[in-house]
Amino acid sequence: MRTATLGPAQRVESLASMAERELDVLVVGGGVVGAGTALDAVTRGLCTGLVEARDWASGTSSRSSKLIHGGLRYLEMLDFTLVREALKERGLLLERLAPHLVKPVPFLYPLQHKGWERLYAGAGVALYDAMSMARGHGRGLPMHRHLTRSHALRVAPALKKDALVGALQYYDAQMDDARYVANLVRTAVSYGAKAANRAPVTGFLREGERVVGARVQDVEAGGEYEVRAKQVVNATGVWTDDTQAMVGERGQFHVRASKGIHLVVPRDRIHSTTGLILRTEKSVLFVIPWGRHWIIGTTDTEWDLDKAHPAASSADIDYLLEHVNSVLAVPLTRDDVQGVYAGLRPLLAGESDATSKLSREHTVAHTVPGLVVVAGGKYTTYRVMAKDAVDAAVHGLDMRVAECVTEDVPLLGAEGYPALWNARARIAARTGLHVVRVEHLLNRYGTMTEELLALIAEDPSLGKPLPAADDYLRAEIVYAASHEGARHLDDVLTRRTRISIETFDRGTRSARDAAELMAPVLGWDKGQIEREVEHYQKRVEAERESQRQPDDLTADAARLGAPDIVPL
């Protein structure tokens, strides 16, 4: 079984190694595109480094709708190329690259007009399925179906009877976006890439007009490294323009940020066996199954405030509740909301002022010699973006380089996953864990579940649930710090797990137990444990306060009340 460890020792070794010898490619930005670019480059045989200013996926890539989809609404815009590309990627992820992480999810589209709407929407969904099948990667998902109103209400009893005259049901896919990125980084490291988070780039190294590397700061241990590289790839998403400014170049395009917020509510608040997709006056609204919860989103508004911690305002929350309640027989209230998260989409700026109309296409450019910039796009097509970025970098290398192979490179945990899934009852009997716990682990770690089971075998107390967050085992907290690159409590409660949005206390009751589990792995003393817990509680408090504010400006000010943690 191929594996890799993103632990404290690996991080120190990676930074030192990147500074010791010139890399072929240095990737800046640890979101899904940056991580995908590192995997693409290293699997072509290139000496590759990857650095991230904060935590893996701490920006846009942990705050999406968590969907892997072809973009059904882009068919209406006649953007067939984007849909075709995304459907191919969806199929690859479901069937070959990450079947342990990417799962089918059904959606119901309520029809509100008799006759013409069923023909119009039905034709669109039929084309969506046909395009998927034509690429040879759609056989893993059921085809769409037409439902009468009575049938639709049996499938989704939560809907008002007068909210629909019938419905269509179709399938897309979903994943845990932050977990996916951490797995992508580990996969790149397993093939020889060097990777370090909490390592921001403070400037670029220049020789004349050419970029020849970057200055990288270690905010954990202190110090700065000069990392030389033949090609640097800027994959920093909504920070693209800021990163470009370090070389004094605005670049050939401009990236704007669009804020999208999501609500998380308990599964029993909406009685349905399927997700929902609803039209709004601006875009679409999703109600997405998420384990024992639903995710409701999203908004689409321009954001020009703090990029690191976009804030959801009271108006944002009201907007989502109002729209979802328009079709629910039993409306949701603020008290039903367990979690709220806000993220920023990196959109290529166009002539339109409406962010919902900006391009979801991506662009790759060699803005100055030695520096490739990749921006735009959508999560589902990250692998295509990564390929295009590495192709552009290869043009600047004085060597022959192999073609992209990531279409045939499964992520860690994927190989052998179906066999292990079929053996889950035997694994449960062998380990003493309930089969539901084993399924939970397999759907988060795939075949790397064996590594967690080894931790539990060594210390049986790790097989118990984390207090106040029963869905997760104590072993998962330890594993996040020892194998998945988590450096702080926030990393674990917000991204390696989803405790911060899946519990009404938003993880504050689990914080101390989690910090004490992480401490031996990361070498924390009692003082650092206290700082981690206090910081996390202040972060949650600041987020709650921001969500009580009426608009973006006041919400942003409230959220900035909790600064980022820096180890002492």
Side-chain angles (χ1 to χ4, degrees), residues 1-10 56 98-101 103 176 178-180 182-183 185-187 189-190 291-292 411-489 491-500 502-503 507 509-524 529 532-533:
M1 180 181 74
R2 177 179 287 276
T3 189
T5 298
L6 295 182
Q10 174 275 334
W56 306 120
H100 57 313
L101 299 176
K103 304 293 179 181
D176 183 327
R179 166 150 298 285
Y180 190 94
N183 192 287
V185 175
R186 289 185 68 190
T187 305
V189 169
S190 78
R292 296 200 296 173
L411 269 60
L412 290 183
E415 218 161 337
Y417 162 74
L420 214 56
W421 177 259
N422 292 341
R424 61 193 184 280
R426 285 194 290 108
I427 296 171
R430 168 169 60 88
T431 60
L433 294 174
H434 193 284
V435 68
V436 172
R437 294 285 188 193
V438 175
E439 290 174 351
H440 163 87
L441 294 175
L442 289 172
N443 284 331
R444 283 169 56 76
Y445 307 95
T447 54
M448 290 185 294
T449 294
E450 296 289 358
E451 296 179 344
L452 283 102
L453 296 177
L455 287 177
I456 294 169
E458 191 175 322
D459 180 359
S461 72
L462 296 181
K464 295 178 180 177
L466 184 70
D470 186 64
D471 285 350
Y472 299 93
L473 298 180
R474 288 159 53 88
E476 295 181 75
I477 310 303
V478 174
Y479 190 79
S482 64
H483 286 70
E484 296 182 325
R487 298 291 306 170
H488 294 284
L489 182 58
D491 301 344
V492 170
L493 297 182
T494 306
R495 287 173 289 277
R496 302 309 182 280
T497 70
R498 293 304 188 157
I499 293 168
S500 68
E502 292 177 348
T503 58
R509 291 170 58 207
S510 307
R512 184 167 299 279
D513 291 281
E516 288 175 354
L517 287 166
M518 296 171 68
V521 179
L522 298 174
W524 292 349
I529 291 174
E532 294 283 339
V533 173

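What you see below is based on every heavy atom in this structure, not just the backbone, and it leaves out hydrogens, waters and symmetry mates. Owing to the predicted nature of the structure, the values given are computational and were not obtained by experimental measurement.
- From T503, atom OG1 reaches atom CG of D470 across 12.0 Å, with rounding to the nearest 0.5 Å.
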>> Could you walk me through whether E476 and T497 satisfy the side-chain hydrogen bond (donor to acceptor under 3.5 Å, both in side chains) test, starting with their C-alpha distance in whole Å, then the side-chain angles of each, then the deciding distance to 0.1 Å, before giving a yes or no?
In response: CA-CA 8 Å; E476 295 181 75; T497 70; over 6 Å; no
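- Nearest heavy atom pair, residue G507 against residue I499, reads CA-CG2, 3.6 Å.
- For the pair L453 and L433, the minimum side-chain heavy-atom distance is below 4.5 Å.
- With hydrogens and angles ignored, the 3.5 Å screen pairs a side-chain donor or acceptor of R179 with a backbone N or O of R496.
- Closest non-hydrogen pair, T447 versus A414, comes out as OG1-N, 4.5 Å.
- Between the CG atom of L452 and the CG atom of L441 there is a distance of 6.0 Å, given to the nearest 0.5 Å.
- In terms of heavy-atom proximity, A468 sits nearest to R509 at CB-CB, 3.6 Å.
- In this structure, R498 fails the cation-pi test against Y472, since its NZ or CZ atom is not both closer than 6.0 Å to the six-membered ring centre and inside 45 degrees of the ring normal.
- Scanning both residues, R437 and P465, for their nearest heavy atoms gives NH2-CG, 3.2 Å.
- Each of R186, E484, H483 was checked for a side chain to side chain contact (heavy atoms under 4.5 Å, CB included) with M448, and the lone residue meeting it is R186.
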>> Is there a side-chain contact (heavy atoms from CB on, under 4.5 Å) between L411 and Y180? Walk through the geometry before answering.
In response: CA-CA 9 Å; L411 269 60; Y180 190 94; 3.6 Å; yes
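- Without hydrogens or angle criteria, S482 side chain to G7 main chain gives no donor-acceptor distance under 3.5 Å.
- Going from atom OG1 of T431 over to atom CD1 of I456 covers 7.0 Å, rounded to the nearest 0.5 Å.
- Residues I427 and V438 share a closest heavy-atom pair of CG2-CG1, 3.9 Å.
- Distance check, rounded to the nearest 0.5 Å: CG of N183 to CH2 of W56 gives 13.0 Å.
- When every heavy atom of A519 is checked against every heavy atom of I529, the shortest pair comes out as CB-CD1, 3.7 Å.
- Atom CG of L517 sits about 10.5 Å away from atom OG of S510, to the nearest 0.5 Å.
- A distance of 8.5 Å separates CD in E532 from CG in D491, rounded to the nearest 0.5 Å.
- Using a 4.0 Å cut-off between charged side-chain N and carboxylate O, D176 and R495 make no salt bridge.
- The pair E450-R430 counts as a salt bridge, with a side-chain nitrogen and a carboxylate oxygen less than 4.0 angstrom apart.
- Residues W421 and H100 are not in side-chain contact: their nearest non-hydrogen atoms beyond the backbone lie 4.5 Å or more apart.
- For E415, the CD atom counts as loosely surrounded, since its 6.0 Å shell holds 12 or fewer non-hydrogen atoms of other residues, nucleotides or ligands.
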